[in-house]
Every structure is written in C-alpha cells, then in structure tokens.
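Report on the following structure.
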Amino acid sequence: MDLATRYSHAEVETRWYEHWERCGYFRSVPDEREPFTIVIPPPNVTGVLHMGHMLNNTIQDILIRKARLDGKNACWVPGTDHASIATEAKVVRWLRDEKKLRKADLTREQFMEYAYQWKDKYGGIILQQLRRLGASCDWSRTAFTMDKGYYEDCIHVFVDLYRKGKLYRGLRMVNWDPEAKTVLSNEEVIYHTETSQLYHIKYPITDASAGEGIVIATQRPETIFADVAVAVNPKDARYQHLIGKSVRIPLIERPIPVIADEYVDMEFGTGALKITPAHDPNDYEIGQRHQLPMLDILTDDGRLNERCEYAPLVGLDRFEARKRMKGLLEEGSYLVKLEDYTTNIGRSERTNAVVEPKLSLQWFVRMSELGAPALKAVLDREVRFYPENFQNLYRTWMENLRDWCISRQLWWGQRIPAWYLRSEPLNEETHVFVAMTAEGALEQARQITGNPHLTLDDLRQDEDVLDTWASSWLWPISVFDGFRKPDGEIRYYYPTSVLVTGWDIIFFWVARMIMAGYEFRGEKPFHAVYFTGMVRDKLRRKMSKSLGNSPDALKLLDDYGADGVRYGLMSSAAAGNDILFDEKLCENGRNFCNKLWNALRLVKGWQIAEMPENEAAARRNALAVEWMRTKLSQVLKSVEEDFTSFRLSEALLTLYSFIWDDFCSWYLEIIKPGFDKPLDRATYEATLDLFSDLMIALHPFMPFITEEIWHRLRERAPGQDCMVQHYPKASAFDPTLIEQVEAVKALVTRIREVRNDYQIKPREALTVWVENSPSAQALFDRKGLTEIACKLAVLSQLERTDTEPAGAKSFLSGTEKYFVEIHQQVDYQAERAKLEQELAYQQGFLKSIEAKLANERFVTSAPPAVVENERKKRADALARIHILEETLAKLPA
RNA sequence: GGGCGCAUAGCUCAGUUGGUUCAGAGCACCUGCCUUACAAGCAGGGGGUCGGAGGUUCGAAUCCUUCUGCGCCCA
C-alpha cells in the first residue's frame, strides 16, 4: 500500500459523510432496541456555525455515536428556531436592501410570505455546516419552530394554558425595546455598568410657608412630566413637615403630593424620590400601594408624547429630550446639581437599545404552578445536571419566579390566538376570546355576548406573536408530534436521554422545557442535562461576532479537519467549564490524526510470514499482544465509567494516551520486525484486530479518520462500517501483567537515560545484567518479558547474575539492581552524587511511611488494604535503600 | 446589596467517595536525534511547599472556618 506520510482529511471527510448518509445510518425509527435520544438545541435559523455550536454539537455527536455503537437506537433530532426578533430584523433589512420595501408598507400576510421566502433561501445554513463537523443527525426529522405542525402546537398550548387559568392578559410593567418596538422578557435585558449623570432637581412647594422646595435626584430628567408624587422615608426628619403637602413639577407646574414610603432610601441622593409609576418598576409598586395614577408619557418608539404637557419636547426622542431638559432646568433655576454617576443600564439583548420600563398590556404565563414540579424534579435528581452544581443556580431562579411575558410586538412568530370585539376596543380585558381558530372564537363571542348575529368581521385578532421561547420550550415534545399524536412515537423517544446546552440558557430554555414536560406530558423531557461552558478567547472574552474574536469555524474545519477540531474542543472541555479556545489544541488533534495514519502505514507496510522469526520473537510478540489486550480492557473500563458520568474529555485523553503511548510507542515498537524481516501472521492478525478495536473506541470522538483507517486495515464487506460496529467491551483482566510491563518500561527508560548520559548510540547493542533476587526472578520468569526489554532497549543480552560484573555501570529500577556494560570510564563522582540524592529521597520516603505505620490509630482505623499497601511500600523502600547503600559502598572513590 | 463559583508547573487545565511513589496532562522550555511509520516526529530532562492563615482527621490538593485576589448571576 502506498500511502502519503501525511494524513489529509479533506477528501476523507466528505467521502465518509456521504457514505454514512447514503447508508441511512443516521436514521432512527422506533424498534425493539433501547432508545437513546437527543434533541438538538435548535440554533437560530439565521445562524452560522460558531465555536459554541461546534463544541455543543461535537458533544452531542459523541454521545449519539457512542450509544449507536453500544447497540442502542440512537436518534438525534436536528432543527432550527425561528428566533422571532432576530429573524424579523434580518428580514426587514433584507426587504429594505434587496426588495426596496419597508415593513410598514406591507400587510402582515405579505410580510410573512417574504419572511418564509427569506427563510427558505438563507435560513438553516447552519444545518449544512453541522454536516461538515460530522454530526450524525437524523436529517429526515429536521424540525423548525414555525413548521405548520409546530405552529399549531404552540397555539394549542396557549389555548390550553388559558383554559386552565395559567395564562392571563394584564397591564404590567414590562421591559420595552423602543427600537424593536416590542416587549422583552427580563432575561432578554442585559445590564452593563455605564456612566450617566444624576440630576438634582428642585420641585417648588405649593404652600410657600412650608419652605422653598424639595430636591430630588434622577438620571432621567425627561420623565419628571410623568411624576405623580414625591416620596420620602416616613422616618426622615428632614421631610416630616412636608408629608401631605404638595409640590409642583418644574416647567409644567402640575402639583403632586409628597407621600411617605418605607421604600425610599434616606441615604441615596437627597432622600426624596420622584414617583413615576408608568416608567419605573419600583415606582410602579409604590404607585400601586398609594393608589396613585399612572401617566405614560412615552411613545412606542421612545419619544415624548403629548401627555407630558410640555409642548416644546413633544415628539422628541427620550435622549434628545434629556439633553434639552438640562438647559431648560438651568434656565428655570430648577437644576441644583449635576453629578457623574455609574449605574447599571439595561439594554436589549437583540438591538442594544436602552430598555425603557413601560406599562403595557401583555400576555403572561403564571409561573408559580408550572415551576413547582420542575424545581422538584431537579432537586430530587429526577433530572440530573452535569455538573451538578448548576442545581444551585437553577434553584435560586426557580424559587423566585416571576410571571413570564410571552407576547411580542412582532409579526414573525406564532400569532396569539386571542380575538377581541372590534366594537369594544376598550373592553379588551374582559371580552377576550381565546380559541384554536377564529371560528372557535366567534362561537365564544356569540355565547358570551348573547348576540348570535356576530360574524368574523366583528372580531379582531390580537396582533402580537409569541415569545420565541414560548415555542422552543415545547421542542422535546413537539419534534416527536407529542401534541398531535400523544400515543405515537413520542412514547418511544420521550423522555429524551440527555440535553446538551450552554449554561447561559438554563432559564430561557432548560427550566421552561422541564416545566412544559411536566405540564403537557406529565413527565420530564430528559433524564440528564449536560451543560457546556462558554467558548472564550485567550483574553477570556466570550467569543462573539461583534467582538470579531471568534475564529472562522469553517476555516478551522478546513485547516485541521473535523476530527482535529473535535479533538481540540474536547481535549479541554470539562462539563460546565468555560474553555479558553486556542487553535493549538486543534493542531494537537490534527497531529493525532497524523499519528494514527502513520501507525496504519507502518502496520500495512509489513511483510507477513506464516511463522515467527524465532523462538524469542514468538515469545516477545505473544506477550506483547497479551499485554495490549489486557491494557485495552483496563482502558475500556475507565472509558465506560467516564461516559457514564459524562466525563468526555477524560475518556478522550485516556484513549489518546493509550493509542499514542502504549500502542504506538511501546506495542508497535515491540512487534516491529527488523529491516526487511517479516512479521508472523498471528501477531499481524492480532494487531489488526487491536487496531480495529481502537478505531471503534475512538470513533465517537473522531469519526472520520477512524472510519478511514478501519477500512484500510482490512477488506470490509458492504455495511461493515466502523460507525455501526459494536463498541468493544472490557473483559476481566489481570493487572499483574500491566505492572510487569510497566517495570520493563521503567527499565528501558533507565537504559535510554544511560545511553543519553554516556552518548552511546541508540543502535549499539548493550549487555545488561540484573542482580539475582526473588523479585527479579518473579519478574523475568514471565515468558517474553526479557525479550521485550531486549528489543526496546536494544540489548544483546539481559541475564541474571550473582556477582557484580566488572566495568559496568549499575542503576536501580523498581526494586531491582541492574548493571550495564558501557566500555568507557564511569563518571564515579557524578554517579555518587546521583546515588546519594536518590538515597536521601528514599530514606525520607521510608521515614514518612514508618511514621504512618507506627501510628496505632492509622493501623487500626485505616482500611486494611491501605495499611497493607503501606507495608508493601515500606518493604520496597527498604529493598531500594539496601541496594543503594551497597552500591555506594562499592563505588570507587 | 443578595447569591454562586474559581485559585494546582511559565500558559491552559485534569485530579471522582479524603488513602497506590499523588502532586499529573498538553503546550512552552532544555539536551540529543532527519533511527528504513510519523520532524505534525523520536529519546531523555528540568520545573509546582496545590492562593494565605487556621481547623477537623491516623492521613488533606480534596472536608470546615477565615482572609486575599479574580469571575459570573440576580437586584
């Protein structure tokens, strides 16, 4: 076989992905096997592959491929999220740039048609990109949160919750995004510390006898027109005489009362607080307590409206108005002080506009009842979190649930199935008809109003759509048709096995899916949640498009191959830990591929003979194979445990070092035949089998190269692909052999060290003796071990001796004393220094062990195995010290 | 202001229920090698009193308290 010295991934990866897909390996249909199900966290339909996706989906693919190899019916459902606000923004921009259309000029229906057009043309690119990564999703199941069926499910759930009294419409303080002109949930508001200015403004007192005025502090001077009171703390001596009096709002002279409320912090600002219930959540609360009116002075796009009563500012943007206020207040001598001030400003996650608290009529889900079973499930480990400490975060949030505002003032999304009477616009709060269809709503309207003559034209549907998360929380149910066919295949696939997602959406999505699972199916949506960390750059910044610090995912795949990138991501990605991404890690992955490739070249390059070269080779190879099989069992056992506890990086690193170090550096070197010599068939076949097993074991992590090598190792029948084999199972193994080989490895290393020290050529054969002792005997009685040592250390002989050979350098390895013939003057001075250092270490070591063993309480309270082990350590140390002392004594001065 | 988490080699991090010669890996570094699989490699090596202090224990990187320094979430 003529193979290039470097592995090239490009052709291999596309070829195998196509092959797997053609063979239908990704497809899952219910059968008698145990299911293993994952639903993808649907990326935004507008999304393109970034580092976070690659990490997240690599993990899912590893779990899915492993389950498939374990003989389970693995089903990974892909899909995308319609991402209402993000996508609508994209579509609006596209319409403007490409079609020269403005949203305002389109009807809702026209807009939706364009939006679907856009989605079909540009949406879901990311699903194509996931294929490059090797994702073995069942593409035939690709779902989309705006698919017809999915849409219906959302509507069904809305109606269901409404009927159950878990959904209501109400006037509440909400976070308003004046740019997108929509309400945002609390989770969609991002707080940053920003500097602004604190205005100290004097409100003149109506009753001049009580004083000149009261000074309040605010960062938003333009909102004074919406003030309905000034509040002070009832305990505040400074203001006692003013409580109950009234003050006048600067510029407009409207009188407002001075009230007392515990909420007011006497230390903050001047201790007097302007109360603006329509534009501040805390003021809203105070307003409610004191039955104050609410005055909304802002338009939906953040401009002052006529209710502010100050004509010069009507129509101005809130920030422009703020600027003008400064001059106006100064002019009227109302501005007492202006100071710089740092505070947390909330901005819209999507548009980055400063969020305005605003009073608004919206739809809310009552969270208290939904939250209870979802919290319990996690605390009872019914749904297990990996890592477990995310439970804390989850609990804190779940214990402080606030009602969820699920209406959004957008078009791209599921339109809220609520209808109102056109003739009674003011009665919306009472005359709401919630139904699956307009006809259903009409039916209700007729009954409730008692007017049988009402027609569809008398009804008007709510203009708003659902919050995106109010569709994605149904994902694990809806993708299996759980609402429309509750007894269909969902009974097989649900609850899903594991959810893999970033911890940043634990509230947005994870918590709500758990709630939806219990609410609509009476069962958890998944058994486990694996939280991935955030991928950060070397400066610990979250990778984002706006920072431009994210490497181009596709370029990484080009440069290092999917296997290399998967390795790079996984090698440093313990669950829940953020990873500082470094391309260097992908380079390691690529190098590993090359290592595997070259191991293949080596093995396939050998000539084969029916019989071993000689007795020695036969023994050597037989033991090597036995050792490798034993070690493989040990490794598989540990890999299996790692998978059970989702310690995927551990599993990968275990396999990596087993393959690189044990298989390549030791095993292949042991059995490697001499120049132009053949390898015996038995060893060759065993090696191919071992190599094949290694490829299956590594396949979940690095699917492409393992498939390629699997096929190059042997001629495989059609359908005999690596990805559909059985994962190798650990069998019972005897650790003694592993220990013995480790002893030989240590010996070989010591001999190589001697070569380095004395500059003896690697190929120059050396003669080595081991001092006769019971332990030396026990070690080298193992058939084949001596031959292995000779091969690896390049020895002409390794024999036991009772006498010290002349002109040899001695050294200690394990508990044995060895002599190596070096044909040159031994540097006794250096030798003595080395031995003394070693002796000092061993004596210290011995001392610590003896202290332990002399301790009565240790011997009585520690487990017997631990004590026994300490005794063995003592015996070994004593043996070593004896040898060292003896050697030192005999050393020429 | 409330809560959560982190601190281990120059860098990035593992280290599971406290117990094996347990102080590890990769990268970086040093020395020697283009040895007939692989220089994307091979052989060998140096480097950390596990953030500080105290405590529990026969035994602590691991458990507890506290301090310091970071990070994050919520208000």
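A, B, ... follow the sequence lines: proteins, then strands. Residue 1 opens every chain.
- Considering only heavy atoms from C-beta on, A:Glu885 comes within 4.5 Å of A:Leu839 through its side chain.
- Looking at heavy-atom distances under 4.0 Å, A:Gln842 makes contact with a base.
- Residue A:Arg402 places at least one side-chain N or O closer than 4.0 Å to OP1 or OP2 of B:rA75.
- Between A:Ala599 and A:Val859, it is A:Ala599 whose nearest contact on RNA chain B lies nearer the 5' terminus.
- A salt bridge does not link A:Glu816 with A:Arg750: every distance from a Lys NZ or Arg NE/NH1/NH2 to an Asp or Glu carboxylate oxygen is 4.0 Å or more.
- Centroid-to-centroid, the aromatic rings of A:Trp503 and A:Phe531 stay 6.0 Å apart or farther.
- The aromatic rings of A:Tyr567 and A:Tyr656 sit tilted, their planes meeting at an angle between 30° and 60°.
- The same atom, P, is picked in B:rG47 and in B:rA60; the two are 25 Å apart, to the nearest Å.
- Between the side chain of A:Gln634 and the main chain of A:Pro735, no donor-acceptor pair closer than 3.5 Å is present.
- For residues 663-677 of chain A, proximity to RNA chain B is found at A:Cys664, A:Ser665, A:Glu669, A:Lys672, A:Phe675, defined as any non-hydrogen atom under 4.0 angstrom from a strand atom.
- Checked by atom type and distance alone, the side chain of A:Arg384 never pairs as donor or acceptor with a backbone atom of A:Val529 at under 3.5 Å.
- Of the P atoms belonging to B:rG18 and B:rC11, the separation is 30 Å, rounded to the nearest Å.
- Between A:Phe663 and A:Phe691, the ring center distance clears the sub-6.0 Å criterion.
- B:rA9 sits 12 Å from B:rG26 when the C1' atoms are compared, rounded to a whole Å.
- A close approach under 4.0 Å does occur between a side-chain nitrogen or oxygen of A:Thr749 and OP1 or OP2 of B:rG44.
- One can find a donor-acceptor pair under 3.5 Å joining the base of B:rA40 and the side-chain atoms of A:Arg6.
- Counting heavy-atom neighbours within 6.0 Å of A:Gln759 CD, excluding the residue itself, gives a total of 12 or less.
- Between the CZ atom of A:Arg752 and the P atom of B:rC33 there is a distance of 17 Å, given to the nearest Å.
- Rounded to an integer number of Å, the gap from CZ of A:Phe592 to P of B:rA40 is 18 Å.
- Below 30°, between 30° and 60°, or above 60°: for A:Phe592 and A:Trp660 the angle between ring planes is below 30°, a parallel geometry.
- For B:rG41, one of the phosphate oxygens OP1 or OP2 lies less than 4.0 angstrom from a side-chain nitrogen or oxygen of A:Asn591.
- Remark: the separation of the P atoms in B:rC29 and B:rG24 is 22 Å, to the nearest Å.
- No donor-acceptor pair closer than 3.5 Å links the side chain of A:Asn175 to the backbone N or O of A:Pro357.
- Remark: the separation of the P atoms in B:rG3 and B:rU65 is 14 Å, to the nearest Å.
- Residue contacts shown for A:Lys584 are limited to sugar-phosphate atoms, with no base heavy atom under 4.0 Å away.
- Spacing between B:rU17 and B:rA75 at atom P, rounded to whole Å, works out to 33 Å.
- Rounded to a whole Å, the CH2 atom of A:Trp597 is 12 Å from the C1' atom of B:rA37.
- Between A:Lys637 and A:Asp642 no salt bridge is recorded (no basic side-chain N to carboxylate O distance below 4.0 Å).
- Look at the C1' atom in both B:rG19 and B:rC67: the space between them is 30 Å, to the nearest Å.
- Pairs engaging residues 589-601 of chain A under the salt bridge (Lys or Arg N to Asp or Glu O under 4.0 Å) rule: none recorded [sequence neighbours left out].
- Within the 4.5 Å cutoff, side-chain heavy atoms of A:Met51 are placed close to those of A:Leu556.
- Across all strands, A:Asn594 comes closer than 4.0 Å to base atoms (heavy-atom distances).
- Note: CD (A:Glu388) to P (B:rC4) measures 16 Å, nearest angstrom.
- Note: CE (A:Met398) to P (B:rC4) measures 18 Å, nearest angstrom.
- Atom CD of A:Glu753 is separated from atom C1' of B:rC33 by 17 Å (rounded to the nearest Å).
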Name every donor-acceptor pair, under 3.5 Å, that has one atom in a side chain of residues 667-678 of chain A and the other anywhere in the protein, sequence neighbours excluded.
unit_1   : atom_1 : unit_2   : atom_2 : d
A:Tyr667 : OH     : A:Thr687 : OG1    : 2.7
A:Glu669 : OE1    : A:Lys672 : NZ     : 3.4

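- A:Arg601 has its CZ atom 12 Å from the P atom of B:rU36, to the nearest Å.
- Taking the centre of each ring, A:Phe646 and A:Tyr386 come in below the 6.0 Å mark.
- Each of A:Asn282 and A:Ser645 was matched to the nucleotide of RNA chain B holding its nearest heavy atom; the match closer to the 5' end belongs to A:Ser645.
- Look at the P atom in both B:rC72 and B:rU57: the space between them is 39 Å, to the nearest Å.
- Within residues 684-692 of chain A, no residue is approached by RNA chain B to less than 4.0 Å at the level of any non-hydrogen atom.
- Across residues 650-661 of chain A, A:Glu650, A:Trp660 each have a non-hydrogen atom less than 4.0 Å from an atom of RNA chain B (numbered order).
- Taking the six-membered ring where tryptophan is involved, the planes of A:Phe811 and A:Tyr818 are essentially parallel, since the angle between them stays under 30° and well short of 60°.
- Set against B:rU36, B:rG3, B:rC38, the side chain of A:Asn598 has B:rC38 as its closest nucleotide.
- Side-chain nitrogen and oxygen atoms of A:Arg647 include at least one within less than 4.0 Å of the OP1 or OP2 phosphate oxygen of B:rG15.
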### Summary
Encoded 5' to 3' (Watson-Crick or G-U under 3.5 Å; [ ] crossing; | other strand), RNA chain B becomes (((((((..((((.....[....)))).(((((.......))))).....(((((..]....)))))))))))).
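- Nucleic acid contact for A:Arg590: base, since at least one base atom lies under 4.0 Å from a heavy atom of the residue.
- In this structure, A:Leu792 places its CG atom 13 Å from C1' of B:rC42, rounding to the nearest Å.
- A:Arg874 has no carboxylate O lying under 4.0 Å from a charged side-chain N of A:Glu870, or vice versa, which leaves the two without a salt bridge.
- Distance from the side chain of A:Asn392 is smallest to B:rC4 among B:rC72, B:rC38, B:rC4.
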